[in-house]
Student: 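So that we are looking at the same thing, I have put the structure below in structure tokens.
Positions are given from 1, in the same order as the sequence printed here. Bear in mind that the values here come from a model prediction, so they are computed numbers and not experimental data. Order of listing sets the numbers, starting from 1, for every ligand and every atom in it.
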Amino acid sequence: MNVLDELQNLREEALNQLRDADDADDIERVRVRFLGREGSVTLILRGIGDLPPEERADVGRLGNQVKGEMEDAIEEARSRVEEKKRQRHMREETLDVTSPGRRDFYGRRHPITVALEEILGVMVGMGYSVETGPEVETDWYNFTGLNIPPDHPARDMQDSFYINDFLVLRTQTSPVQLRYMKKVAPDLPVRIVGPGRVFRRGDDDASHSPVFYQCEALLVDEGITFGHLRGTLMDFARRLLGDEVDVRIRPSYFPFTEPSAEVDISCTVCGGPGCSTCSNTGFLEIGGAGMVHPQVLTNGGYDPEQVSGFAFGMGVDRMAMLKYAIPDIRYLYQNDVRFLRQL
Ligand code: DAH
């Protein structure tokens, strides 16, 4: 093959490769191969002097022409891949200034905390002060002092976590009543709320958790009657949930009150006729109540002939579930932010 044909072939080859080149590296490889210091076209031009004199002019002319065409094609290929790259960036880095901003999640109060703060807010507004007791409680304060002696069947209802024979994770906030009375007796009036965490081994389903919150209330003074209890519960429920709610008191049994009652409030979800939240009864149980048992007053350092009192205890989780329509109490304790941030 003579040199002129070779140049034509090289031109063909180089232009094809440049057309297929995808990026700057591809193009540079083509340039080096044909026009670099050892490139095939460069070598031909450099070797013109060795050719027979009659071929030199033609080869020189075509060689330079091919070189020029290759240079142009390289330039063209470079701007083509450059433009392609720019387009891709434009596509990938589009900024939609109309899309809503992403907000940081700073956290917020837990639903139980919110419910508890509302309950305490109402009770403090009614003149009660906040008192707390230990979560690891003695058997006496948690049971015996509250009229639940060893072997009393009421202990079965509060299947407990015992630390040893004398210490138990409290199963209720009622021991706060005793602790406070013993601390201030014989001062009157006694008017406290006792919020806190309680523990029960057997509780574990959609409406029972082995760890949950209660809030206790205790009022002791001269001449306190069941009517005061009823009025207080009514006032409390309405301040907390609104004037339209109703309170229902059903006879019940607790060892530390006599008489004892179960306290229900009208269902805030359906407003009365019945729905799935209230099991079609129109009411929801929120806790227990009663007139403080004379023995408990005595244990607290008060004379049941002189004073009387009422107490009630409610489930805080139950209140939070009502407020936020939470179907399973265990959601409150799993600390899954996907759940918590919805509230
Ligand atoms: N401590 C009881 C419970 O855990 C609730 C309760 C009932 C509290 C009657 C009271 C009360 O103060 O008077 O089930």
Side-chain angles (χ1 to χ4, degrees), residues 116 119-120 123 126 128 130-135 137 139-149 152-161 168-181 190-203 207-221 224-233 236-237 247-265 284-297 299-300 302 304 307-319 329:
L116 196 50
I119 291 167
L120 294 180
M123 294 304 290
M126 290 165 73
Y128 289 70
V130 179
E131 286 293 321
T132 54
E135 290 175 355
E137 187 52 282
D139 180 276
W140 191 82
Y141 278 110
N142 194 78
F143 289 127
T144 309
L146 290 169
N147 250 355
I148 316 174
H152 190 290
R155 289 201 181 202
D156 286 351
M157 299 188 326
Q158 303 186 354
D159 221 2
S160 320
F161 293 103
V168 63
L169 296 187
R170 67 176 175 192
T171 58
Q172 49 187 351
T173 46
S174 302
V176 176
Q177 297 182 24
L178 268 183
R179 284 188 171 273
Y180 187 73
M181 281 193 284
V190 171
R191 198 160 51 203
I192 57 156
V193 267
R197 206 155 32 166
V198 300
F199 309 84
R200 291 188 194 177
R201 193 155 49 88
D203 289 13
S207 52
H208 296 87
S209 158
V211 180
F212 61 105
Y213 281 77
Q214 287 188 335
C215 188
E216 197 79 10
L218 171 70
L219 185 129
V220 179
D221 207 344
I224 299 299
T225 69
F226 203 95
H228 293 119
L229 169 59
R230 190 183 163 76
T232 302
L233 286 170
F236 166 76
V247 174
R248 186 172 71 176
I249 290 172
R250 288 178 288 124
S252 185
Y253 170 75
F254 295 101
F256 37 90
T257 44
E258 178 61 36
S260 302
E262 215 81 68
V263 182
D264 304 337
I265 53 169
L284 283 151
E285 186 188 324
I286 59 157
M291 300 307 291
V292 183
H293 194 286
Q295 184 60 50
V296 174
L297 286 172
N299 292 345
Y302 287 89
V307 301
S308 56
F310 64 71
F312 57 93
M314 75 193 88
V316 178
D317 309 68
R318 176 58 69 87
M319 294 297 208
I329 190 174

Student: What's the shortest heavy-atom distance between His152 and Pro255, and which atoms?
Tutor: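 So the two residues come closest at CE1-CG, 4.1 Å.
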Student: Does any N or O in the side chain of Gln214 come within less than 3.5 Å of the main-chain N or O of Thr173, such that one atom is a donor and the other an acceptor?
Tutor: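 Yes.
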Student: Are Glu137 and Arg179 close enough, and set up right, to give a salt bridge (Lys or Arg N to Asp or Glu O under 4.0 Å), and what steps lead you there?
Tutor: CA-CA 11 Å; Glu137 187 52 282; Arg179 284 188 171 273; 2.7 Å; yes
Student: Enter the distance from Met319:CE to Cys215:SG here, rounded to the nearest 0.5 Å.
Tutor: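 With rounding to 0.5 Å, CE (Met319) is 9.0 Å from SG (Cys215).
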Student: Students should find this: residues with any non-hydrogen atom under 4.0 Å from ligand 1. What is the answer?
Tutor: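 Heavy-atom contacts below 4.0 Å: Gln158, Gln172, Ser174, Gln177, Arg200, Gln214, Glu216, Phe254, Phe256, Thr257, Gly288, Ala289, Gly290, Ala311, Phe312, Gly313.
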Student: For Arg250 and Ser260, does a side-chain donor sit closer than 3.5 Å to a side-chain acceptor?
Tutor: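 Looking only at side-chain atoms, Ser260 and Arg250 do not form any donor-acceptor pair under 3.5 Å.
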Student: Hey, are Ser209 and Asp317 close enough side-chain-wise for a donor-acceptor pair under 3.5 Å?
Tutor: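 There is no such pair between these side chains.
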